[in-house]
**Q** 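Please read through the structure below; I'll follow up with questions.
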Amino acid sequence: MAKTQITIIDIARELHISPSTVSRALRNHPDISRKTVEIVKECAERLSYKPNETALSLRLGRNNIIGVIVPEIVHYFFSSIVQGIEEVAFAEGFNVLLFRSEESYMKELKITESLINARVAGVLASVSKETDRYEHFQQILDNNIQLVFYDRICIGIITDRVVVDDYSGALTAVEHLIQTGCKRIAFYSSPLHLEISKNRKNGYLDALRKNGFPVDESLMYVCDTRDKAIELTPEVLARPDRPDSFFAINDHTASGILYSVKKAGFSVPDDISICGFSGGDLAIACDPMLTTVEQHGYEVGKTATKLLIDNIRGTTHGQYTNRIIKTKLIMRGTTKQN
């Protein structure tokens, strides 16, 4: 009778630990202590354990599919991220399965369930505006699927992340407004439970404090779309202490501000300055062209995909990575020159 092949379950039974712990220990997973890794590997060697080649081939067979969750595709930033993802993925022999959450938590839940059921090799995810619970992302990891967050991240889940330097980008933008003579700077933000909103708000606040400006909470608004900006900005301009400048969370919002400011009869930038955050075709389609913070979405996509593929192939060194992509202020016609 042929000798029964030793499995991960046999090792787990021998050591009185879970099969998932054995699996991660054999892969040098950073969540597993060095002592446990050594015990598991010693037991595997003693029992003459060999990886199941059939199971391994099945696992590798799914490893040519990467699931991508993107909040929306109409924004230049996210479309440039997808371009970077696809370029690296295809060059490395992977296919991309793209899903749009459309900023919906419920749709995001269904997408993650679909990706788990499809047994993709890995997932690149940027969370929706509505998302404030993250158990569905933990389920991806619990199913031994690699996960890397990009741009909008969840700090409560320990995995690799690629983010834009939102804080420094905001700080630089607001300081530019200050240096060109602006004194009352309004801030239009995304919902503040998002990390990008927190970081950009902190950059905005620190720029004010650094330059001796008072913080006026009434100048901060949750407004992150063109339509909302067109609706809100006339009310802001009607204030007796109206702002002389706006810093917007993204270029779509900034373009809505620009439309409203011009419609109200103000001159840009002589009366009111405007700065956005994204750096795409929309910025140069505005009249005047929009001063903005370039986010380098293409680099975000490439970097996140390289990290994910390294994790899939097991070529990492067991340390989680938090990559920060630097921003660049592009000065154009909606702000005064220094």
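The basis for the numbers below is simple: all heavy atoms, side chains too, and nothing from hydrogens, waters or symmetry mates.
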**Q** Verify the neighbour count for atom CD of Gln179: are there more than 12 heavy atoms of other residues, nucleotides or ligands below 6.0 Å?
**A** yes

**Q** So which atom in Ser190 and which in Val222 form the shortest heavy-atom distance, rounded to 0.1 Å?
**A** C-CG1, 4.2 Å

**Q** If you count the non-hydrogen atoms of other residues, nucleotides and ligands that lie under 6.0 Å from CD in Glu45, is the total more than 12?
**A** no

**Q** For residues Pro269 and Gly333, report the shortest heavy-atom separation together with the two atoms involved.
**A** CD-O, 3.3 Å

**Q** Taking the side chain as C-beta and beyond, is there a heavy-atom pair between Phe149 and Val163 under 4.5 Å?
**A** no

**Q** Could you please spell out the steps behind the side chain to side chain contact (heavy atoms under 4.5 Å, CB included) verdict for Val88 and Phe94?
**A** CA-CA 8 Å; Val88 172; Phe94 288 78; over 6 Å; no

**Q** When hydrophobic residues are tied together by side-chain contacts of less than 4.5 Å, even through go-betweens, does Leu192 share a cluster with Leu171?
**A** no

**Q** Can you name the residues that form a side-chain contact (heavy atoms from CB on, under 4.5 Å) with Ala264, not counting sequence neighbours?
**A** Leu237, Phe266

**Q** Does any part of the side chain of Leu26, heavy atoms only, come nearer than 4.5 Å to the side chain of Ile8, both counted from C-beta?
**A** yes

**Q** Under the criterion side chain to side chain contact (heavy atoms under 4.5 Å, CB included), I'd like the reasoning laid out for Ile155 against Ile153: C-alpha separation, chi angles, the key distance, then a yes or no.
**A** CA-CA 6 Å; Ile155 60 174; Ile153 64 172; 3.9 Å; yes

**Q** Compare all side-chain heavy atoms of Leu219 with those of Ile185 and state whether any distance is below 4.5 angstrom.
**A** no

**Q** Could you go step by step and tell me if Asp241 and Arg184 meet the side chain to side chain contact (heavy atoms under 4.5 Å, CB included) rule?
**A** CA-CA 9 Å; Asp241 57 348; Arg184 289 185 55 75; 3.2 Å; yes

**Q** Side-chain donor-acceptor pairs under 3.5 Å in residues 69-79, sequence neighbours left out?
**A**
residue, atom, partner, partner atom, Å
Ser79, OG, His75, O, 3.3
Ser79, OG, Tyr76, O, 2.9

**Q** Quick one: do the Glu195 and Asn199 side chains pair a donor with an acceptor below 3.5 Å?
**A** no

**Q** Could you state whether Leu97 and Val127 fall into the same hydrophobic cluster, counting links through intermediate Ile, Leu, Val, Met, Phe, Trp or Tyr residues with side-chain heavy atoms under 4.5 angstrom apart?
**A** yes

**Q** Does Arg100 have more than 12 heavy atoms from other residues, nucleotides or ligands lying within 6.0 Å of its CZ?
**A** no

**Q** For Arg323, I'd like to know if atom CZ has over 12 heavy atoms of other residues, nucleotides or ligands within 6.0 Å.
**A** no

**Q** State yes or no: do Leu329 and Ile274 share one hydrophobic cluster built from I, L, V, M, F, W and Y residues joined by side-chain heavy-atom distances below 4.5 Å, directly or via other members?
**A** no

**Q** Lys328: which residues meet the side-chain hydrogen bond (donor to acceptor under 3.5 Å, both in side chains) condition with it, sequence neighbours left out?
**A** none

**Q** Between Leu109 and Ile116, is there shared hydrophobic-cluster membership here, with clusters defined by ILVMFWY side-chain heavy atoms closer than 4.5 Å?
**A** no

**Q** Could you pull out the closest heavy-atom pair between Asp10 and Ile6, with the gap in Å?
**A** OD2-CA, 3.5 Å

**Q** Closest heavy-atom contact between Asn211 and Glu175?
**A** ND2-OE2, 3.1 Å

**Q** Decide yes or no on salt bridge (charged side-chain N to carboxylate O under 4.0 Å, His left out) for Lys183 and Asp244, but give the supporting numbers first.
**A** CA-CA 7 Å; Lys183 299 186 182 301; Asp244 57 13; over 6 Å; no

**Q** Stepwise, does the side chain to side chain contact (heavy atoms under 4.5 Å, CB included) test hold for Tyr259 with Arg226?
**A** CA-CA 9 Å; Tyr259 173 85; Arg226 176 180 168 86; 4.1 Å; yes

**Q** Kindly write out the residues that satisfy side-chain hydrogen bond (donor to acceptor under 3.5 Å, both in side chains) with Ser260, not counting sequence neighbours, or none if the list is empty.
**A** none

**Q** Side chains of Asp206 and Tyr167: do they bring a donor and an acceptor to under 3.5 Å?
**A** yes

**Q** What residues form a salt bridge (charged side-chain N to carboxylate O under 4.0 Å, His left out) with Arg152, not counting sequence neighbours?
**A** Glu103

**Q** So which heavy atom on His193 is nearest to which on Glu130, and how close?
**A** NE2-C, 4.3 Å

**Q** Give a yes or no on whether Tyr105 atom OH has more than 12 heavy-atom contacts from other residues, nucleotides or ligands under 6.0 Å away.
**A** yes

**Q** Quick one: does Thr305's side chain get under 4.5 Å of Leu124's, heavy atoms only?
**A** yes

**Q** For Ile196 and Asp166, work out which heavy atoms get closest and say how close.
**A** CG2-OD2, 3.4 Å

**Q** List for me each residue that meets side-chain hydrogen bond (donor to acceptor under 3.5 Å, both in side chains) alongside Ser104, sequence neighbours excluded, and say none if there are none.
**A** none

**Q** Is there a path of hydrophobic side-chain contacts, each under 4.5 Å between heavy atoms of I, L, V, M, F, W or Y residues, that connects Ile249 with Ile257?
**A** no

**Q** Report the residue from Thr335, Thr327, Asp251, Asn250 that forms a side chain to side chain donor-acceptor pair (under 3.5 Å) with Thr292.
**A** Asp251

**Q** Measure the acute angle between the ring planes of Phe187 and Phe247, then classify it against the limits of 30° and 60° as parallel, tilted or perpendicular.
**A** parallel

**Q** Which distance, rounded to the nearest 0.5 Å, do you find between the OG1 of Thr334 and the NZ of Lys262?
**A** 11.0 Å

**Q** Could you verify whether a donor N or O on one side chain and an acceptor N or O on the other, from Tyr188 and Thr233, lie under 3.5 Å apart?
**A** yes

